[in-house]
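Worksheet: the structure to be examined is printed underneath.
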Amino acid sequence: MNVQLLAQFVVVFAAFFLLVNMSAVLVLAERKVMGFMQQRYGPYLVGPHGVLQPLADILKLLMKEELRPKGADKWLFTLAPVVAVTAAFAAFATVPFGGETTLFGLLDQPLKLGAADVNVGVLVVFAITSMGVYGIVLAGWSSNSKYALFGGLRASAQMISYELSYATALAAIIMLAGSMSVREMVDSQTGYWFGFIPKWYVFLQPVGFIIYFIAGVAETNRAPFDFPEAEQELVAGFNTEYSSVRFALFPQAEYINMVTVAAVATDLFLGGWHGLLPFYTPLDSLIEEWNIGWMVFFAKIGGILFFYIWMRWTVPRYRYDQLMKFGWKWLLPASVINLLVTAAMMLYFNA
Amino acid sequence: MPETLSFYLLAGLSVVASTLVIGQGNPMYSVMMLIASFAGLAGLYILLDAPFVAMAQIIIYAGAIMVLFLFVVMLLNAPQEDAAEWDRTHPLRRPAWARLGAAMGMLLAVQLVWALSAATGLTEPVGSRGGAATISSVRELGRVLFSDHGFAFEATSILILVAMVGAVVLARREGES
């Protein structure tokens, strides 16, 4: 058996395993952070400090009866959650999560930490993420329910509106890096300016980072942009009619998409596995020496995800017309101006 | 061998799915089939060693345009159009316009046959002409698109504008000004 190939399979499986468990951990984290922010404990009964709560939740969902409303479209109703969760998993495929390693000299050639390294990696992530909306839209349409239909409608309108800004913010980074491979983009952020500021793109593209993050929150349908499942207006939105495992797949897809957005933000704006803090510390050299950049990467993802949850329980949901106005009249012009300014600056400083 | 096999698989997917698009009674299924057809096309582009075009196909057509289609289908909630009524009353169904349309259709068919028979270098992979799909090939693609094929590019944008005007005309109800 080819050891190199086997190791690559292990990395792919590790990425999959990680994503599956991330969604469970995020559910717990969300409830714990929410509890902390509201001065209570959050889930506390299952396991020590309630850490086994996600397990109990999953067991409960698995044992529930699977319902399908009368008049629902049989095929699309079943297909929708599958599409949502498949797209969520597949999008992570081209996101690298660490530098090269030989596993303590076990392998002949260094192994790249990441499921796949494609030379148009950024576009692959973006393309597959944009496929995820079909899961939500199909769920909304096939349920044969007014609330679900409105959820699906809102999801499709919101996705189209915010995908533009999202892609434009990415385009500026692609221009700066001169590459579309995520790994090359991460590696172009090594080194320091003036010896202590890491060469992260967030310092060159602060506006781009903010636009990317806002659009990313809107893409994953998280509060304050959770219109497709606005409880007060639409019962539970697009997944009103779902139960059991089919229902469980939607939140799972949402949490995995959150991880993907956070991972891409880390890779493209925060230097991926290079540099822990936004200034030089002796720790950075130690990390490079020990080759534990992937830990730094996951620490950064954790930070961004905490920010995500923090935002959800802090900022109230916008009104729907405010969402559209903000997306088209503020975010999109801002991202286009950001792109133009970036291009002009690059021409000015290179020529 | 695996390349040939995947070519026939993907080409078959595209052709069958495209046929099913116009064979569906439910517009929702038509949209789904069109997405499947685009996915097959994207696979073919990857086989042609043009991953950038494949991803652009997915992002623009399957990701953006088809979501818009779905939005419209859901908004209309799949009404059954009265085709006979439309046939009798619509202004574009007058004989003169119908003849013009038929002539244009013939012209398109002739053009397609002419263009395909005149095309050369169909057997060599695209990638060997433009290099691998790094940023330089994307840059090269942009340069060629805006210089060598500038006229076609601009003509296409006008065509899209015409299609948009056409959609507005078709969607306008009779009697509105």
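Just so we're on the same page: letters track the sequence lines, and every chain starts at 1. Just so we're clear, the structure is a prediction, and the values are computed from it rather than from any experiment. Because only heavy atoms are used, hydrogens play no part in the values below, and waters and symmetry mates are left out as well, while side chains stay in.
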Worksheet item: Near M345(A) CE, under 6.0 Å, is it more than 12 heavy atoms from other residues, nucleotides or ligands?
Response: no

Practice prompt. Decide yes or no for L76(A) and M32(B): does some side-chain heavy atom of the first lie under 4.5 Å from some side-chain heavy atom of the second?
Written response: yes

Item to complete: Measure distances from L68(B) to the heavy atoms of chain A and classify the residue's part below 4.5 Å as side chain, backbone, both or neither.
Response: both

Worksheet item: Just wondering, more than 12 heavy atoms not from Y147(A) lying within 6.0 Å of its OH?
Response: no

Discussion item. Tell me the closest heavy-atom pair linking A127(A) and M55(B), and the distance in Å.
Written reply: CB-SD, 3.9 Å

Worksheet entry | F150(A) atom CZ: more than 12 heavy-atom contacts under 6.0 Å | no

Worksheet item: Quick one: what part of V124(A) sits under 4.5 Å from any heavy atom of chain B, side chain, backbone, both or neither?
Response: both

Worksheet, complete the sentence: The interface call for L153(A) against chain B, heavy-atom contacts under 4.5 Å, is both

Item to complete: Kindly give the heavy-atom pair with the smallest separation between G63(B) and S130(A), and that separation in Å.
Response: CA-OG, 3.9 Å

Fill in: Engaged part of M66(B) at the chain A interface, taking heavy atoms whose separation is under 4.5 Å
both

Worksheet item: Could you go step by step and tell me if F52(B) and M180(A) meet the side-chain contact (heavy atoms from CB on, under 4.5 Å) rule?
Response: CA-CA 10 Å; F52(B) 176 73; M180(A) 287 192 198; 3.7 Å; yes

Item to complete: Count the heavy atoms belonging to other residues, nucleotides or ligands that lie under 6.0 Å from CZ of F326(A), then report whether that count exceeds 12.
Response: yes

Worksheet, complete the sentence: Under 4.5 Å to a heavy atom of chain A? For I58(B) that would be both

Fill in: Heavy-atom neighbours of Y29(B) OH exceed 12 at 6.0 Å
yes

Worksheet entry | Side-chain touch L70(B)/W141(A), heavy atoms, less than 4.5 angstrom | no

Response to the item:
Heavy-atom closest pair (L123(A) atom, I59(B) atom, distance to 0.1 Å) is O-CD1, 3.8 Å

Worksheet, complete the sentence: Most contact-rich option vs chain B, by heavy-atom pairs under 4.5 angstrom, among T129(A), L79(A), L138(A), V133(A), is L138(A)

